[in-house]
Every structure is written in C-alpha cells, then in structure tokens.
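Report on the following structure.
Model, not experiment: these values are computed from the prediction. Heavy atoms only: backbone and side chains are in, while hydrogens, waters and symmetry mates are out. Nothing fancy with the numbering, it's 1 onward along the sequence.
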Amino acid sequence: MVLTGSNLPAVGEYNQTVVLDAIRRHPDGSTRSKLASVTGLSNMTVANVCRRLLASGLIEEHGTRVSGPGKPPGILRLNPAGGFSIGVHIDPAVITYVVVDLAGEVRDHTRSGTPSAQDPQSVIDEMGRSIDALITTSGVDRSRVLGIGIATPGPVNIADGIVLNPPMLPHWHRVPLRTALSAATGLPVLLEKDVTAAAVAELWYADAGDSRDFAFMYYGTGLGTGIAVGGEVVRGVSSNAGDPGHMTVDPDGPECVCGRRGCVGYSAVPRALVERAQREGILPGTLPPGPAGIPEIDEAFSALAALARAGDARAHEVVADAARQIARAVVVLVNLLDIERVIFGGPFWSRIATIVLDVLPGVVRADPALVPPHDVRFTESVIPVDVAAVGAATLVFDGTFSPKASTLLISAG
C-alpha cells in the first residue's frame with residue numbers, strides 16, 4: 001500500500017515523510033518523477049522535498065537512469081548513515097540493546113541478563129553505560145544518533161514515560177524510566193509497550209505490497225498482541241492495548257490467577273507448558289515460583305521444545321495443545337479486527353515455531369466461530385535479532401519519518 005500526500009502548503013512536513021517513506025520502500029532507488037507518481041504529489045513538491053532531504057543528509061543521489069531523451073534523472077536512495085537509533089528491550093529474562101541505521105540494518109547488538117537489583121535506578125545506570133558502550137563499539141557517528149526507544153512489559157504510562165507495575169519485574173513500581181534514562185545518556189528517549197514496539201517494527205520493515213492490517217502475536221514470558229489497522233498501530237486510550245491473556249480458550253482448563261479457567265495467557269505460555277511437562281514426567285524438577293523461576297523456565301522450555309521437535313510424542317502434544325489454545329484466541333482477534341495476517345515472534349517463539357505453524361492454521365480455518373470470509377495468512381516476523389528491541393529503535397524513526405494521516409487532523413481545542 002502506497003500512501004499519498006497532499007500539495008497543501010500546511011502539510012509540508014507530512015509530505016516530506018511521505019516522500020522519505022517512498023524512498024525507503026524502494027531500496028534500489030527511485031527518480032523524482034517516479035516519487036511524484038507513487039505519492040500523488042506534484043513534481044515541484046517532490047523536487048522541493050528532495051532538496052531538503054539531500055541537504056539534511058537523509059538521502060543520497062546515486063548516478064542516473066537513462067529513460068529517454070534529455071538529461072538522465074538522478075537516482076535517490078536512503079543514506080543509511082543519515083541517522084541512527086538505539087533500541088532497548090527490557091524483558092524479565094534479558095535486556096537487549098541494538099543500534100539500527102536509517103535503512104533498517106542492525107549495526108550492532110548486545111544483551112545481558114536482566115538485573116535483579118531492587119533499586120531500579122541502579123539498573124537504569126547500568127543501561128546507560130551499556131548504551132554508551134554500544135555506540136562506541138558500533139562505530140556509528142554519535143552526533144547522528146537521533147534517540148533511544150525502550151520496549152518494556154506493560155502496563156506503562158506513555159505520556160509521562162513511566163513503567164507502572166510489570167507483573168514479572170517485581171521491583172519496578174512507577175519507575176520514571178524515560179526521564180531517568182535520558183538524564184543518564186543525554187539522548188531523547190521514547191517509551192513503548194513491548195508488543196506495540198513489535199508492531200511498529202513490522203510496519204517499518206514491511207514491503208510495499210504487504211498487508212498493513214495485522215495482529216502480532218508476541219510469545220515471551222507472557223502472551224501479548226500488537227495490532228496494526230490501516231497502517232497505524234493501535235495503542236488504546238492509555239497506550240496499553242494488546243493484552244489478550246485473560247481470553248478464555250479452554251473452559252475446563254487450569255484456574256488462572258484472575259479466578260477464571262483456561263485463560264490463554266495462563267495456560268499457553270512457557271511456564272505453563274514446562275509445568276505440565278514436569279507434572280507428566282516429560283521433564284524433571286519443579287520450577288521456583290514467580291519471577292525467580294524465569295532462568296529455569298528458559299532452560300526447561302528449550303529442553304521441552306527440543307524433545308518435541310525430535311519427535312517425542314508427549315512433548316509434541318504439550319506444544320500442540322498450546323497451539324490449539326492460541327488458535328482459539330486468534331479466531332477472536334480475527335473476528336474482532338477483520339485482519340488478514342497474523343505474525344508470530346518474540347523471545348520464546350522460534351523454539352516452537354515449526355510445531356505451532358503446523359497445527360494452528362488448520363485449527364483456525366476449521367473453527368466454526370471464524371466469521372470473516374477471506375483467507376488468513378500466518379507468518380513469522382522477519383525482524384533480525386530481537387523484534388521488540390528493533391521495534392524500540394524504529395519507534396524513533398517512526399515518530400520522525402513515518403507518514404501518519406492522523407497528524408493532518410485539525411484539533412478542535
């Protein structure tokens with residue numbers, strides 16, 4: 001889907017983002033006349049926008065393309081070194097850091113175990129040191145670093161940049177993360193819920209012909225959903241959209257902490273699968289309760305997934321059952337949003353991807369509750385490294401360079 005702009009002078013900044021987005025989505029280069037054609041802008045508007053983008057170093061002109069008589073037109077491409085962004089994903093198990101250039105390439109990345117310190121400030125100080133070290137080792141121009149994006153489990157207060165009370169980070173209560181990390185690094189900081197950041201990344205990396213209406217099923221220590229409709233991420237009133245965890249998928253399933261039975265976020269997540277495998281004697285041991293058990297979950301889940309992939313029938317059934325439960329949640333989401341694509345990713349996803357994608361699509365399509373008549377596609381994230389960390393980095397680019405029709409609305413206030 002190609003976005004079109006307007007020639008009204010009042011929307012010049014929007015038109016600049018439209019042109020930059022069009023150039024970004026044509027990595028082999030584009031001429032000014034082609035840009036005018038795909039954006040709906042006049043040749044003069046495109047020429048003026050490109051002049052500004054060249055002056056700012058965001059794009060470069062490479063050679064010419066012969067297309068007929070007269071002076072050959074110049075080929076415009078993104079300048080990858082025109083801007084950089086830092087992405088940070090705070091997961092209960094690990095903190096991932098990435099440096100991403102304007103063309104979307106991950107220049108460098110690193111990760112460390114999520115500190116268990118009770119004082120969040122000590123964690124933030126360590127994050128600041130890690131970010132400074134990553135910028136140095138990556139060799140990027142520090143003056144071209146536009147900012148830092150942070151993806152964190154919810155709930156969050158985006159307006160004030162506060163991490164409110166993540167269930168798996170027990171010492172993080174109303175932490176002013178945005179302000180504190182900005183002070184520690186001297187860079188502007190954006191905060192976003194992790195599943196929303198993942199959806200932003202998918203939009204940023206999507207090919208021009210890809211559907212821009214999708215749900216991103218984020219499979220980590222918990223289950224979350226990032227949503228994009230009409231090419232824009234759905235955040236909700238408080239920017240905390242994307243928690244399907246208490247959607248009932250098995251009325252006879254285990255009792256959730258909320259008091260209901262068979263909640264997908266309780267019965268289909270890694271801890272639940274490992275605990276079932278331990279009860280049935282597939283895996284040895286017993287998990288420690290709460291956040292203290294996260295390292296053990298990671299190790300045991302890997303063992304369970306390896307057994308399932310190797311053909312162990314009991315292990316395979318544990319994972320297949322989870323796929324069926326997630327499929328029921330997917331049916332609800334597809335019915336609610338009328339989307340045509342469901343994308344899967346997250347830190348625990350790849351270990352069970354082959355089994356889930358073998359089981360889940362058929363369960364969804366055979367479900368009598370499925371309403372939309374169109375086909376639903378199921379794909380894996382194409383994002384390198386850590387989708388939430390890369391998504392956090394693209395938040396900075398997205399906020400600066402992505403065209404959003406909503407910005408053209410005139411406020412009544």
Side-chain angles (χ1 to χ4, degrees), residues 86-97 111-132 147-200 218 220-227 233-246 256-259 263 265-266 269 271 288-295 346-347 386 388-389 391-393 395-396 398-399:
I86 307 297
V88 183
H89 177 205
I90 303 174
D91 182 81
V94 66
I95 299 180
T96 304
Y97 306 86
R111 62 181 59 193
S112 62
T114 301
S116 59
Q118 295 192 19
D119 176 18
Q121 185 59 51
S122 65
V123 179
I124 293 167
D125 291 342
E126 176 60 30
M127 289 170 60
R129 290 189 290 269
S130 296
I131 290 169
D132 284 339
I148 300 168
I150 306 175
T152 179
V156 293
N157 180 332
I158 296 299
D160 297 327
I162 296 173
V163 179
L164 295 175
N165 188 27
M168 299 300 284
L169 294 171
H171 305 301
W172 289 62
H173 300 284
R174 300 196 62 81
V175 177
L177 184 56
R178 186 179 65 199
T179 300
L181 191 59
S182 182
T185 61
L187 291 166
V189 175
L190 294 174
L191 178 68
E192 191 67 88
K193 191 174 175 181
D194 48 10
V195 295
T196 304
V200 169
Y218 183 90
T221 50
L223 183 68
T225 305
I227 301 166
V233 172
V234 176
R235 288 179 167 85
V237 173
S238 68
S239 295
N240 283 291
D243 271 321
H246 294 292
C256 178
V257 292
C258 72
C263 292
Y266 186 79
V269 294
R271 172 180 280 275
I294 289 176
D386 178 308
L395 285 170
V396 178
D398 185 66

Locate the shortest heavy-atom distance separating A180 from I124; write the atom from each residue and the value.
CB-CD1, 3.8 Å

What's the spacing between I162 CD1 and W172 CH2 if we round to 0.5 Å?
13.0 Å

Would you check, one step at a time, whether the test side-chain contact (heavy atoms from CB on, under 4.5 Å) holds for V163 with T152?
CA-CA 8 Å; V163 179; T152 179; 4.0 Å; yes

CG (D194) and CG (D386) are apart, to the nearest 0.5 Å, by 9.5 Å

Does any non-hydrogen side-chain atom of V88 lie less than 4.5 Å from one of T96?
no

So does D160 pair up with R174, basic N to acidic O under 4.0 Å?
no

I would like to know whether Y266 and V257 meet side-chain contact (heavy atoms from CB on, under 4.5 Å); could you show each step before the answer?
CA-CA 8 Å; Y266 186 79; V257 292; 4.1 Å; yes

Is there a side-chain contact between V195 and T225, using heavy atoms and a 4.5 Å cut-off?
no

Y97 side, atom OH; I150 side, atom CD1 - distance, nearest 0.5 Å:
9.5 Å

Please confirm whether the backbone N or O of A159 pairs with a side-chain atom of R178, one donor and one acceptor, at under 3.5 Å?
yes

Drop me the distance from C263's SG to H246's NE2, to the nearest 0.5 angstrom.
6.0 Å

Mind listing the closest non-hydrogen atom pair of D91 and P347 along with its distance?
OD1-CG, 4.1 Å

Taking every heavy atom of R271 against every heavy atom of P288, the minimum-distance pair comes out as NH2-O, 3.0 Å

Test log, rule side-chain contact (heavy atoms from CB on, under 4.5 Å), inputs T185 and I148
CA-CA 9 Å; T185 61; I148 300 168; 3.5 Å; yes

Under 3.5 Å donor-acceptor, T196 side chain and E192 backbone
no

If you take all heavy atoms of A392 and A151, which pair is closest and at what distance?
CB-N, 3.7 Å

To the nearest 0.5 Å, atom CG of L190 lies from atom CG of L181 at 11.0 Å

Where is the tightest heavy-atom contact between V234 and A241, given as atom of each residue plus distance?
O-CB, 3.9 Å

Separation of D132 CG from M127 CE (nearest 0.5 Å):
12.0 Å

Test side-chain contact (heavy atoms from CB on, under 4.5 Å) on L223 and D243 and set out the steps.
CA-CA 7 Å; L223 183 68; D243 271 321; over 6 Å; no

Donor-acceptor contact below 3.5 Å, side chain N240 vs main chain V156
yes

For I227 against A199, the heavy-atom pair lying closest together:
N-CB, 4.1 Å

